[in-house]
Trainee: 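I'd like to ask you about the structure that follows.
Side chains are part of it too, since the values below use all heavy atoms of this structure and drop only hydrogens, waters and symmetry mates.
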Amino acid sequence: MKIEFMRIENWRSFYGMNELWFSVDVEKNVTLIRAENGIGKTSLLAALNWCLFGILPHENDFKNPQNLVNDDAQANDNVTKTKVEVEFGHSDKVYKASRTFDQARGNTHSLKLIEIKDGVETPLPGSINADRFINSVLPREMAPHFFFYGEATSRYADEAGAEAFGSA
């Protein structure tokens, strides 16, 4: 899985539509995200994990994990929904995964997955389960080891952390 693009709409600290392009250059293939504390680095990773796997950080790592819609969007625009989209490459194909949350109803919509061919969004055959497909590309158990929060790096410093990684 090579993540290429992410769009976040009214997600946590991100008001309105926000887009992030990741480096896909063969030689310069690392994207660094640096910001002061409280700007949204953890929210960005949480959006990625939530979109692909439906995983949110534990309450100890994420203040008010049940409040996913941006506070300003709710207060100023009466927005009750948030959406995260992630475009990624896998096996010479490009896919877009998306997930929506309706805070007014407390309802998370199921993962939607489409293939993008020559810039055209093409639905996948009905026989393909989106969650199973994502899990086949990157197993859900491995996600916390690939997409983790800087505050959580201490989890890998002891024997229990090594065992958790090994069992995943």
Trainee: Grab the two heavy atoms, one from Lys96 and one from Glu121, that are nearest each other, plus how far apart they are.
Mentor: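 Minimum heavy-atom contact is NZ-OE2, 2.5 Å.
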Trainee: In terms of hydrophobic clusters joined by side-chain contacts under 4.5 Å, are Leu113 and Val137 together?
Mentor: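 Yes.
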Trainee: Is the shortest distance from a Lys or Arg side-chain nitrogen in Arg105 or Asp102 to a carboxylate oxygen in the other one below 4.0 Å?
Mentor: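 Answer for the salt bridge query: yes.
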Trainee: Can you hop from Val24 to Ile3 via hydrophobic side chains spaced under 4.5 Å?
Mentor: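 Val24 and Ile3: separate clusters.
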Trainee: Does NZ in Lys81 sit with more than 12 non-hydrogen atoms of other residues, nucleotides or ligands closer than 6.0 Å?
Mentor: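 12 or below, so no.
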Trainee: Taking all atoms of both residues into account, what is the closest heavy-atom pair of Trp50 and Thr108, and its distance?
Mentor: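 Distance-wise, the nearest heavy atoms are CZ2-CG2, 3.8 Å.
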Trainee: Taking only Lys NZ, Arg NE, NH1 and NH2, and the carboxylate oxygens of Asp or Glu, determine whether Arg99 and Asp131 approach each other closer than 4.0 Å.
Mentor: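 Result for this pair is yes, salt bridge flagged.
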Trainee: Could you go through residues 84-94 and list every donor-acceptor pair under 3.5 Å that involves a side-chain atom there, pairing it with any protein atom two or more places apart or in another chain?
Mentor:
| from | atom 1 | to | atom 2 | distance (Å) |
| --- | --- | --- | --- | --- |
| Glu85 | OE1 | Arg7 | NH1 | 2.7 |
| Glu85 | OE2 | Lys83 | NZ | 3.3 |

Trainee: Determine yes or no for a side-chain-to-main-chain donor-acceptor pair under 3.5 angstrom, with Thr100 supplying the side chain and His109 the backbone.
Mentor: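 No; zero donor-acceptor contacts below 3.5 Å.
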Trainee: Which value, rounded to the nearest 0.5 Å, describes the distance between Leu44 atom CG and Ile39 atom CD1?
Mentor: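 The distance works out to 12.5 Å.
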Trainee: Taking atom OG1 of Thr80 and atom CG of Leu68, what is their separation to the nearest 0.5 Å?
Mentor: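 Rounded to the nearest 0.5 Å, the OG1-CG separation comes to 12.0 Å.
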Trainee: Rounded to the nearest 0.5 Å, what separates atom CG in Asn10 from atom CG in Asp72?
Mentor: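 Rounded to the nearest 0.5 Å, the CG-CG separation comes out at 9.5 Å.
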Trainee: If only atom types and distance count, is the side chain of Ser23 paired as donor or acceptor with the main-chain N or O of Lys28 below 3.5 Å?
Mentor: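 Such a contact is found between Ser23 side chain and Lys28 backbone.
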Trainee: Determine the minimum heavy-atom distance between Cys51 and Leu111, stating which atoms define it.
Mentor: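 Result for this residue pair: O-CD1, 3.1 Å.
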Trainee: Is there a donor-acceptor pair under 3.5 Å between the side chain of Arg12 and the backbone N or O of Ser43?
Mentor: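 No: the side chain of Arg12 does not pair with the backbone of Ser43.
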Trainee: When rounded to the nearest 0.5 angstrom, what distance separates CD1 in Ile128 from CD1 in Ile114?
Mentor: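 CD1 of Ile114 is found 13.0 Å from CD1 of Ile128.
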Trainee: Following the transitive rule for hydrophobic clusters with a side-chain heavy-atom cut-off under 4.5 Å over Ile, Leu, Val, Met, Phe, Trp and Tyr, establish whether Ile116 and Ile134 coincide in one cluster.
Mentor: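 The answer is no; the residues belong to distinct hydrophobic clusters.
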Trainee: So which atom in Ala143 and which in Ile55 form the shortest heavy-atom distance, rounded to 0.1 Å?
Mentor: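 Closest approach of Ala143 to Ile55: CB-CD1, 4.4 Å.
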Trainee: Can you list every ring-ring contact (aromatic ring centres under 6.0 Å, His included) pair that touches residues 15-48, not counting sequence neighbours?
Mentor: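 Only Phe5-Trp21 qualify under ring-ring contact (aromatic ring centres under 6.0 Å, His included).
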Trainee: Roughly how far apart are Tyr95 OH and Glu115 CD, rounded to 0.5 Å?
Mentor: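 So the gap between those two atoms works out to 5.0 Å.
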Trainee: Indicate yes or no: at least one non-hydrogen side-chain atom of Val69 is less than 4.5 angstrom from one of Val79.
Mentor: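 SC-SC contact between Val69 and Val79 confirmed.
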Trainee: Can you name the closest pair of heavy atoms from Leu48 and Met6 and give their distance?
Mentor: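 Answer, listing the atom of Leu48 first, then Met6: N-CE, 3.4 Å.
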Trainee: Once rounded to the nearest 0.5 Å, what's the spacing between atom CD1 of Ile8 and atom CG of Leu20?
Mentor: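 If we round to the nearest 0.5 Å, Ile8:CD1 and Leu20:CG are 7.0 Å apart.
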Trainee: Output yes when a side-chain donor or acceptor of Lys112 lies under 3.5 Å from a complementary backbone atom of Ala97, and no otherwise.
Mentor: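 Side chain of Lys112 to backbone of Ala97, a donor-acceptor pair under 3.5 Å: no, none is there.
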Trainee: Take a 6.0 Å sphere around CD of Glu36 and say whether it holds more than 12 heavy atoms from other residues, nucleotides or ligands.
Mentor: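 Check fails, neighbour count at 12 or below.
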